[in-house]
Protein chains: 2
Amino acid sequence: MEILELENFLPYRLYRLADAVSREFSTIYRERHGLTRPEWRTLSGLGQRGTMTATALGEQSAMHKTKVSRAVAELERRRWLTRTADENDRRVEHLTLTKAGLAAYREMVPLAKAFERELLAKLSASERAAISDGLAALEGALGKG
Amino acid sequence: MEILELENFLPYRLYRLADAVSREFSTIYRERHGLTRPEWRTLSGLGQRGTMTATALGEQSAMHKTKVSRAVAELERRRWLTRTADENDRRVEHLTLTKAGLAAYREMVPLAKAFERELLAKLSASERAAISDGLAALEGALGKG
DNA sequence: TTTCGATGGTTACAAATGAAACCAGTTTGG
DNA sequence: CCAAACTGGTTTCATTTGTAACCATCGAAA
């Protein structure tokens, strides 16, 4: 009988790894600020880019638009970001971090980098290269469709 | 100011890829049999191994035990698996696919393999090697803690 | 043996999620 | 100019998920 070896099945391996890594990382910002993952992504997106629309945020971080909508609402409630209406298109709003939002972002960046550094420190240089190249290749393959 | 580049941030890249791949793959078994992901994993685990306990299933596929419990309940409802009490430890139950469960498994395996094959076909041989080695290295790194 | 901490598994409840309907504003084609 | 199709974003509702409490059983130690 034909058998599928889960341990070698790519979708399964990817999901399992991503889940483990992401779960461990999330404890950092959850404990620190009580942020959910969509909220953290929104914060990071805006911190990195400065100003974005909700749609752009969704595309950048592959979040469903309802996730974005709710994350933005929560960050706004905390006064970590503000919305500014677009001049030409009144459906669009431009999101920007406030001082408080920026402060939180600045605090999180080193933690995120440290987390990644520690994770990668467990790998050899060639393994790091392999992961980086492999993921890039897959990203490219999926992008094309 | 120090900035985190999300596109190069490992946890983020992993999650995004896994989500995309897993989501696309899941449409296959969702459309075919109306299976959820935990149910599919349970089916695959049992198909591959023959007989497992719920705890073993959870470990193998990194599923929370409530997920396992519910997936098993559903597959049992469909009469795709049966539970047999352990002789020595009455808390434990051994799960096995029924004829119907096995039939479904046999039908799914080629679809899963085809999906993976098509995905990998978009990569060069060295890219495939990179992904495989990189993931293995990460798996090892996480395993150690 | 009895008691107490672990373990396999289920259940109840709360929070996160996604699909689809929705609102408001915008573009396009007739 | 106006209706129809579309787009940015929100809301509603049903489903999925996780946490924590739970039940039953087991093993070890007093």
Side-chain angles (χ1 to χ4, degrees), chain A residues 15-16 18-20 22-27 29-31 33-43 45-46 51-78 81-96, chain B residues 15-16 18-20 22-27 29-31 33-42 45-46 51-77 81-96:
Chain A
Y15 191 90
R16 191 168 140 85
D19 191 63
S22 173
R23 194 175 295 270
E24 196 182 333
F25 177 54
S26 77
T27 64
Y29 50 78
R30 188 154 31 85
E31 285 176 2
H33 287 300
L35 288 179
T36 65
R37 193 173 50 218
E39 285 155 20
W40 186 84
R41 284 189 178 186
T42 302
L43 181 69
L46 294 181
T51 289
M52 296 177 86
T53 68
T55 315
L57 265 172
E59 281 164 10
Q60 194 215 16
S61 31
M63 287 193 286
H64 194 262
K65 60 187 197 163
T66 61
K67 268 191 196 168
V68 177
S69 173
R70 294 189 260 242
V72 167
E74 169 60 22
L75 294 189
E76 185 185 31
R77 202 193 56 69
R78 292 186 183 213
L81 65 76
T82 53
R83 315 180 191 231
T84 340
D86 183 280
E87 302 259 301
N88 307 317
D89 188 337
R90 285 159 57 205
R91 292 168 306 181
V92 177
E93 27 194 38
H94 300 277
L95 308 166
T96 320
Chain B
Y15 191 88
R16 191 167 140 84
D19 190 62
S22 174
R23 193 176 296 270
E24 196 183 332
F25 177 53
S26 76
T27 64
Y29 50 78
R30 190 156 28 85
E31 284 176 2
H33 286 301
L35 288 179
T36 66
R37 193 173 51 218
E39 284 155 21
W40 186 84
R41 285 189 177 186
T42 302
L46 294 181
T51 289
M52 296 176 88
T53 67
T55 315
L57 264 172
E59 281 165 9
Q60 195 217 14
S61 32
M63 285 193 287
H64 194 263
K65 60 188 196 162
T66 61
K67 266 191 198 169
V68 177
S69 173
R70 294 190 259 243
V72 167
E74 169 61 20
L75 294 189
E76 185 185 31
R77 203 191 56 69
L81 64 76
T82 53
R83 315 181 192 233
T84 339
D86 183 280
E87 301 258 301
N88 307 318
D89 188 338
R90 283 160 57 206
R91 292 169 305 181
V92 177
E93 25 191 43
H94 301 277
L95 308 166
T96 320

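- We find that CD of Glu59(B) is positioned 10 Å from P of dG9(C), with the value rounded to whole Å.
- Donor-acceptor pairing under 3.5 Å is recorded for the side chains of Thr51(B) and Thr96(B).
- Scanning DNA chain D 5' to 3' for nucleotides with an atom closer than 4.0 angstrom to a non-hydrogen atom of chain B gives a first and last hit of dT16(D) to dC26(D).
- Side-chain contact check for Arg37(A) versus Tyr29(A): some heavy-atom pair is nearer than 4.5 Å.
- Taking 4.0 angstrom as the limit, Arg83(B) places a side-chain polar atom (N or O) nearer than this to OP1 or OP2 of dT10(C).
- Residues in residues 81-90 of chain B take part in these salt bridge (charged side-chain N to carboxylate O under 4.0 Å, His left out) pairs, two or more places apart or across chains: Glu76(B)-Arg83(B), Arg83(B)-Glu93(B), Asp89(B)-Arg91(B).
- Residue Arg23(B) places at least one side-chain N or O closer than 4.0 Å to OP1 or OP2 of dG18(C).
- The NZ-P distance, from Lys67(B) to dT10(C), rounds to 16 Å in whole Å.
- Remark: P of dA16(C) and CZ of Arg41(A) are 15 Å apart, rounded to the nearest angstrom.
- With the nearest nucleotide of DNA chain D identified for both Arg30(A) and Val68(A), Val68(A) has the one nearer the 5' end.
- In this entry the distance linking NE2 of His64(A) with C1' of dA21(C) reads 12 Å, nearest Å.
- With DNA chain D read from its 5' end, the first of the two nearest nucleotides for Thr55(A) and Asp19(A) is the one closest to Thr55(A).
- Of the two residues near DNA chain C, Thr66(A) and Arg91(A), the one whose nearest nucleotide lies more 5' is Thr66(A).
- On a pure distance criterion of 3.5 Å, a polar donor-acceptor pair joins the side chain of Arg70(A) and the base of dG18(C).
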**Item:** Full working for side chain to side chain contact (heavy atoms under 4.5 Å, CB included) between Ser61(B) and Arg16(A)
**Value:** CA-CA 7 Å; Ser61(B) 32; Arg16(A) 191 168 140 85; 5.7 Å; no
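- At a threshold of 4.5 Å between non-hydrogen side-chain atoms, the residues Thr53(B) and Leu95(B) do not count as touching.
- Between Glu93(A) atom CD and dT26(C) atom P there is a gap of 13 Å when expressed in whole angstrom units.
- A distance-only check finds no donor-acceptor pair linking the side chain of Ser69(B) to the backbone of Lys65(B) [under 3.5 Å].
- Atom CG of Asp89(A) and atom C1' of dT26(C) are 6 Å apart (whole Å).
- Mapped onto DNA chain C by nearest heavy atom, Lys65(A) and Asn88(A) fall at different nucleotides, with Lys65(A) at the one closer to the 5' end.
- Distance alone, capped at 3.5 Å, places no donor-acceptor pair between the Ser22(B) side chain and the Asp19(B) backbone.
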